[in-house]
Structure formats: structure tokens, C-alpha cells
Amino acid sequence: MIRDVETICPFCGAGCRLVLRAREEDLVSVYPASHGVNEGKLCIKGWSAHEFVHHPARLTHPLVRECRGDDFRETSWDEALDVIAERLKDTLGNGGSDAAAFIGSAKCTNEDNYALQKFARAVAGSPHIDHCARLCHASTVAGLMESFGSGAMTGSIEELEDADVIFVIGSNTTEQHPLVGRRILRAVREKDSALIVADPRRIDLTGFARIHLRHRPGTDTALINGLLHVIIAEGMEDRAFIEERTEGFEELARSLGDYAPRHVAAVTGVPADAVIEAARLFGKAKRAAIVYAMGITQHVAGTDNVLALANLVMATGNVGKRSAGLNPLRGQNNVQGACDMGVLPDVYPGYRSIGDDGAHRFFSGAWGTDRLPRSTGRTLREIIDAALEGTVSFMYLMGENPALSDPDITHTRRALEAVRFLVVHDIFPTETTAFAHVILPAASYAEKDGTFTSTERRVQRIRKAIEPPGLARPEWQVLGALARCMNYGGMNWEGPDEIFREIAQVTQPYRGMSYDRLGDEGLQWPCPAKDHPGTPFLHQESFPRGRGRFVPVRYEPPPELPDEEYPFMLMTGRSLFQYHTGTMTRKSPTLQAQLDEAFLEMNPDDAARLDVADGGRVAVTSRRGRITVRTRVTERVSQGMVFIPIHFAEAAANTLTLRAFDPRAHIPELKLCAVKVEIER
Ligand SMILES: Nc1nc2c(c(=O)[nH]1)N[C@H]1C(S)=C(S)[C@@H](COP(=O)(O)OP(=O)(O)OC[C@H]3O[C@@H](n4cnc5c(=O)[nH]c(N)nc54)[C@H](O)[C@@H]3O)O[C@H]1N2
Ligand SMILES: Nc1nc2c(c(=O)[nH]1)N[C@H]1C(S)=C(S)[C@@H](COP(=O)(O)OP(=O)(O)OC[C@H]3O[C@@H](n4cnc5c(=O)[nH]c(N)nc54)[C@H](O)[C@@H]3O)O[C@H]1N2
Ligand code: SF4
Ligand SMILES: [Mo]
């Protein structure tokens, strides 16, 4: 018997709809749904999304051990949950709720993440909860909260097709969000949109760009301020929008004095003429949309970069209307949802501030508890540091692999080694489960019901196609059982639909949603009432904070620049064919056949100088550590710059990266550090 089950791709935040074809309990293939954002198409990861699910390495039983040196032994759920509950009670008894920390997952459903934050706050009384959004768009959330009062993508993917100008900065869209990239290419090829790309590398998109601003990495604030300087100097700003909708423009205009094109050219390496040309193209467009991702956010200056982009869209009146706006592409399949669910240390579901008395009263009532924390918790970085110091002694980690994805993993691994009790809930053994005391087997996306929220704020249902392997179970169910062991009765849900009803009750932007209403296309938040159609683009009438706020920003160079000893600027990022720490994609034969090894992109002139051949092995060393990789000699990178993808544990880019953080958002400088490259001997 063949069954077709429509669900959502588990990889990137584009939110493509796909169909899993199952024969009995086997997934036999994937094909694209004809509707939805992807219109009957998928990228190669989507087409292969069934392959990892049946891999023999899947976790099938809870595993426990007393000490880190011991072997794991298989056990029952009852024993595993008893062990965790005992250790949590001890921790709360000895160190108080401050000693427990929770890490959620942008790979898991809204229902799973809602359950985790409710457990952390209502059961453990701990404010310490965070997830990989900290490594990704924390600076977007911080910056856009300040400028607009809301940190999400302002527009919709489909709208990009009708923009006159699309400005892509720090997003390798065709590789990392291929079905968003497709819309951009369609706009350029079929609708005459002009594309501006700002990226230090020559990526696929630059081949379609009218202007490629090939700036030095880490100089984005200067580049964006430079564009604004020209726009205002030449009177291309939107006076009416500025007057009616914003505040702080005069101060912004004054702050741009230092960013004349000649000066910006010296800092960024982009010729002054190109800065002027790009500013005119953007400034004169009727509908200009900005698309950005990790090239902007993963810097010490991440929040500044985001603020500068917000200044640019507001000054030109390109927000609050269709086919324009500021569009941070959220990376993971459900990172938007994990944020919406309040898997962040400073907000409840729906972004209600932890410090707000009204929110505290509301959630205390809704969850029937007087334990809720009163103050903001620790961010991912602070949780790791507190684990190393011993302040955090109990850590519950769901669907994340920080032993590979954090900056300076030598430090992170020391912290994972130090924490007194670690629970990891994953579908596979990972570099992180190696440090655990208890490993819990999770149901994958193909084995559970729930919802994911895509980058365009679209909440969509995922549907169970097959049973989970062995004893593996959905996370919400496990957390509910654990809550019962802790004598809390507020998580006795029958199924994810019941959780979603609770989410809708307590989360304003989801208030009008239900599983029935999500239908074939999902709904885009805000959807505040049962008859509300959802919201394709934000801020049409006003901003959530009232007037949009211009915040002047100054360019500061990145924290570690090349010098004599470490003469190359290393950029880290991704490949189309692999996903993050590779736990899933490296188990897919189709994807492995495309790329199964790390590489270092190096410019031909540098390669000639170092006498490195294409394909030759080199050692790459930073002040933190050393890895060896094969070289790809290519014009994609400029002289003095090299690039490594993050997917490969045996050549982990994060052995090299540094612990330097954006002071406001605590996002690490994951994109850049200084390295030396030598032929391996
Ligand atoms: N195949 C695949 N797709 C993915 C993922 C994956 O692992 N694999 N991960 C998903 C996730 S969670 C995320 S967050 C997204 C990330 O998606 P992207 O942000 O698009 O991907 P990255 O490769 O991290 O970096 C994007 C670009 O930033 C450029 N860059 C480097 N330094 C700078 C700089 O200083 N300034 C500017 N302007 N650009 C710079 C790089 O050259 C690169 O082209 O992808 C999502 N999609
Ligand atoms: N140097 C450098 N470092 C980076 C980045 C970079 O550009 N450069 N990018 C950063 C960014 S943007 C991100 S988002 C992070 C990603 O960092 P992580 O989130 O740590 O990376 P993933 O490999 O996506 O880890 C997800 C884990 O969830 C598991 N999983 C998958 N499905 C399920 C499920 O249904 N349930 C459960 N319980 N587990 C599941 C997977 O097996 C995997 O172990 O990496 C960051 N690290
Ligand atoms: S674009 Fe993203 S969501 Fe769509 S199929 Fe590819 S990985 Fe999946
Ligand atoms: Mo991400």
C-alpha cells in the first residue's frame, strides 16, 4: 500500500511543501507539492529529504550512563525520565532554578519548542533558555526591535518577483535558500528587476547582478552608510514617508558625514563610482527589496549592520508596502517558530517581555504556576560559560549540535565536559551526544505531526508519514511525561493539536490560527482573529513601536584582522549540498555524492604564491586551532581571503573561529577570523 503524505521540508527556512511517499513503514521517495511557495519544485536537499530518515545510525532507545567514561546502556523511557527528574530535583534543591539551562531546537516543531520553554519556565522555574537563533539572526531581532518593534522578515517570498530592485547583501540565496533564489532569478530574467549583490565572494547570484559590490568582509556598516550618504546627498530620500512614519532622521543625516563615496571606497575596497551607481539604482526604485542573511548578522557589528539596513529601507520609503521591505532570510526550517514560541531568554511566546509584569501575570495564570522567573535568562554564550564555571550544572539540549556549531569549539567542548548533568535529545548520535549522560531518541519530521513557521512567517502543518523507529518519540510527549515526573500537571496534552490550541490562546500573532485553518497554504502571522486572512507584508499603516526609528551607526572594523602571522581573512559559510553539522545530509547518499569533504576556496594568485595546487592539502591555523583541508583554487574569493564550509566535523571550521560577540545580541563573529595557510607536511 502506497501512501502520500504532504508535509514541509525539514532543511531551510524557505518552507517548501513536499510529499513523502511511503510504502508500509518505508519512505520510498519525495516529490514536490504543486502548491505552496515552491510551486512544484524542490532543491536537491528537498528531493533527498527522505534519505536520512531510515539511516541505521538513528537513535532508537533512551541511553543512560553514570559517568562520562562509561559506556551507554539502552533503557526504558521510565528509567530515563526518572534519572532526569531526580537530577533536576537535586539541581533545583541545591543550586536553585538558576543552575538549570535549556536549549531548544529550530529543527523541531512549534509544539515541541512551546513544550520545552513551558517546561523550563513553569516546571524548572528557570529563565535560562535559548537556541541556535543566537548564532544566526539574534542581531536581526535586536536591531529590528529597535527600528521597527518587530524582528521578522517584513515581506513575502513571492513578492520579490515584482520588486524593481532587489538588493541581496550577505545571502548566498541560490545555494542556501534555493527556492527563494528562484524567485530572485525569475524577477531578473523575466520581469526586468535590477539585482544588486553585495558579497565579498563571487557567488552564483553575482552572475545575474547589474552591480556586484565586492566589498571587504566585515565592512558592511560602512558600505550601507555610504549608500545612504549618496541617497541623501542627491535628494533621493522619501520625504513624505520620513515625515509621516519615522523619527530621528535629522540625526541620521548628520551622522553620515564621514561616509562619502571616496572614504567608503577606501574602507570597503568598492570603487566610489560603484557605490554611487548602486545608491542611485536603489534610491530611484519604486519598489526596492533588501534580502540579507549571515553575511550581515554573524558579526560583532551584526546589530549595527541590521540597523543600517533598516535606515536604508525607511529613508527610501521601502517598507510597509508590497514587493519591498527588509527581508532577513531565516535559516532553519523552524527558527522563526522557535523564536515565536519564546525559546529565547528574554521573551515569552509572542515576544512578550519576561520583565513585563502583565506578561508575568498572564502566563502565571495561563500555566497555573507561581514559579515563573522574573528576570531575563542567559544567552547561549552565557549558558556555555556558566556550564564551564559550574554555575549551570543541569543542561537539557534538544536538537542542536553545539560541539560543532558554536564558535571556538575547543571552549564549548570543555564546557560540555564540565557540566555535571547533560541530557541530549536528538535523532542521531552527534559530536554533542558524546558528552551526554542521557541521550533521548526523537521522532524525525517524517514521524510526527505539528507545525513549522517559515521565514516569511508562514505557519504550516507537518504530518506524520511513518512510525518513529524503536522507542523514539516526539519531544512534546517526552517533555509532558517529564513534567508529570516533576509533579506538574499542566503539560498533559493528548496531541500536538491540543498544544497548538494552547499556543493560539497565549500567542497574539497566532491567535486566529487552528490546524483546520492552516489548510494547504498555511497562514502568515500576524493572524490575530479567527476570520483574519494572515499578513503577507508588515508595517503597512504603522510600526509596532509606532514610528520607525532611525538609529545612526558607526563602522567598526571586525575584531580580528589579518596580520603578518595570520595573513588570510577566513570566511565561513555553507554549501548547497550539505546542511550545517551534517548529521542529516551526510547520511544521504545523493547529497554525499555531490560533496563529501571540506574544502578551502583560495584565489589563484595566493595559490600560486604559496605553491598550492588545486586539490592540494593545506593546514589552516588560527589562534584557536588547526585543521587540514583540500584546496579549491577559484576566483570566487579575492586575494587575501579564503572560505571554508561549516559542515565537516573532521575539518571543523569552528576549531578556528573566535569568541567575540555582538555586545547587544550576543551573536558570535562566526563569519570572520584571521588564519594562516601552509602546505601540509
Ligand atoms: N544547503 C544549505 N542551506 C542552508 C543551510 C545549510 O547549512 N546548508 N543553513 C540554513 C541556515 S540555518 C542559515 S542561517 C542560512 C544561511 O544562509 P546564508 O547566510 O546565505 O549562507 P552563508 O554561506 O552562511 O553566508 C552567506 C554569504 O555571506 C557572505 N559573506 C561572508 N562574509 C561577509 C561579510 O562580511 N559581508 C557580507 N555582506 N557578506 C559576507 C559569504 O560569501 C556568503 O555568500 O542557510 C540556510 N540554508
Ligand atoms: N563558523 C560558523 N559557525 C556557524 C555558522 C556559520 O555560518 N559559521 N552558522 C550558525 C548558524 S546560522 C546556525 S543556525 C547553527 C546551526 O547549529 P545547530 O543547530 O547546532 O546545527 P544542526 O546541525 O542543524 O543541528 C541540529 C541537530 O538537530 C538534530 N535534529 C534534526 N531533526 C530533529 C528532530 O526532529 N528532533 C530532534 N530532537 N533533533 C533533530 C540533528 O540531528 C542535529 O544534531 O550553526 C551556526 N554555526
Ligand atoms: S529550498 Fe529549502 S525548504 Fe525548499 S527544498 Fe530546498 S532546503 Fe527544502
Ligand atoms: Mo542559521
Side-chain angles (χ1 to χ4, degrees), residues 10-14 43-45 52 59 103 105-109 112 131-137 168-178 197-203 205 213 215-220 223 292-299 301 305 329-333 335 397-407 409 424-433 440-448 472 474-475 558 569-585 591 636-637 641 643-647 652-654 656-657 667-673:
F11 292 113
C12 90
C43 82
I44 190 168
K45 290 183 299 304
F52 70 85
L59 293 166
I103 295 175
S105 176
K107 297 240 77 70
C108 292
T109 62
D112 295 331
H131 75 293
C132 71
R134 189 65 50 199
L135 307 174
C136 191
H137 272 293
V168 177
I169 180 163
S171 156
N172 185 0
T173 327
T174 54
E175 288 200 62
Q176 266 57 78
H177 294 87
V197 177
D199 200 299
R201 287 196 306 150
R202 194 174 284 165
I203 51 175
L205 266 187
L213 302 169
H215 58 315
R216 292 192 189 100
T219 63
D220 295 84
L223 180 66
Y292 75 91
M294 298 301 102
I296 283 295
T297 59
Q298 285 174 334
H299 296 287
N305 289 341
L329 297 180
R330 305 300 300 253
Q332 295 256 39
N333 55 319
V335 65
L397 211 156
M398 173 173 101
E400 247 180 52
N401 191 9
L404 210 49
S405 58
D406 257 19
I409 47 177
V424 182
H425 201 165
D426 205 298
I427 57 174
F428 286 118
T430 67
E431 289 71 22
T432 302
T433 58
L440 303 175
S444 79
Y445 81 104
E447 298 147 358
K448 60 189 172 195
E475 293 78 343
M569 182 71 113
L570 169 71
M571 294 180 276
T572 69
R574 294 161 167 78
S575 149
L576 167 63
F577 304 108
Q578 291 288 348
Y579 199 85
H580 289 163
T581 66
T583 57
M584 298 183 285
T585 47
L591 298 170
R636 268 165 80 92
V637 289
M641 283 156 216
F643 173 89
I644 300 180
I646 59 174
H647 314 296
N654 283 324
L656 305 171
T657 50
I667 191 169
E669 179 73 49
L670 287 166
K671 272 278 161 286
L672 305 176
C673 70

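Both counts, for ligands and for their atoms, begin at 1 and track the order of listing.
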*Residue among Met584, Met398, Glu400 satisfying side chain to side chain contact (heavy atoms under 4.5 Å, CB included) with Lys107*: Met584
*Check each atom of ligand 1 against the heavy atoms of Cys12 and keep those under 4.0 Å away; list them by number with element.*
47 (N)
*In order of chain and number, which residues sit within 4.0 Å of ligand 2 by heavy atom?*
Lys107, Cys108, Cys132, Leu135, Cys136, Met294, Gln298, Gln332, Gly399, Glu400, Asn401, Ser405, His425, Asp426, Ile427, Thr430, Ala442, Ala443, Ser444, Lys448, Glu475, Thr572, Arg574, His580, Thr581, Thr583, Met584, Ile646, Asn654, Thr657, Leu670, Lys671
_Under 4.0 Å from a heavy atom of Gly218: which atoms of ligand 1 are those, numbered in the order shown and with their elements?_
34 (C), 35 (O)
*With Thr433 via side chain to side chain donor-acceptor pair (under 3.5 Å) - residues at least two apart*: none
_Under 4.0 Å from a heavy atom of Ala198: which atoms of ligand 1 are those, numbered in the order shown and with their elements?_
38 (N)
_List ligand 1 atoms under 4.0 Å from His177, heavy atoms only on the residue side._
15 (C), 45 (O)
_Numbering as shown, the atoms of ligand 1 that approach His299 to under 4.0 Å (heavy-atom distance)_ = 34 (C), 35 (O)
*Short list, please: which atoms of ligand 1 are under 4.0 Å from a heavy atom of Ser575?*
1 (N), 2 (C), 8 (N)
*Parallel, tilted or perpendicular for Phe11 and Tyr579, by the 30°/60° rule?*
tilted
*Partner set under side chain to side chain donor-acceptor pair (under 3.5 Å) for Asp112, not counting sequence neighbours*: Thr109, Lys448
_Nearest 0.5 angstrom please: Cys132 SG to Gln332 CD, how far?_
4.5 Å
*May I have the step-by-step check of side chain to side chain contact (heavy atoms under 4.5 Å, CB included) for His131 and Ser105, ending in yes or no?*
CA-CA 6 Å; His131 75 293; Ser105 176; over 6 Å; no
*Under the side chain to side chain donor-acceptor pair (under 3.5 Å) rule, collect the residues that match up with Asp426, sequence neighbours excluded.*
none
_Would Lys45 count as being in polar contact with ligand 1, using the rule that some N or O on each side must be under 3.5 angstrom apart?_
yes
*N/O separation below 3.5 Å, Asp199 to ligand 1*: yes
*asked:* With a 4.0 Å cut-off on heavy atoms, is Ile169 in contact with ligand 1?
replied: yes
*Please identify which atoms of ligand 1 are closer than 4.0 Å to at least one heavy atom of Pro217.*
34 (C), 35 (O)
*Counting each atom of ligand 1 from 1 as listed, which ones have a heavy atom of Leu576 under 4.0 Å away?*
1 (N)
_Electrostatic pair Arg636:Glu175 at N-O distance under 4.0 angstrom_ = yes
*Give me the one residue out of Arg216, Met571, Lys671 that meets side chain to side chain contact (heavy atoms under 4.5 Å, CB included) with Pro200.*
Met571
*Measure the shortest side-chain to side-chain distance between Leu404 and Asn654 over non-hydrogen atoms and say whether it is less than 4.5 angstrom.*
no
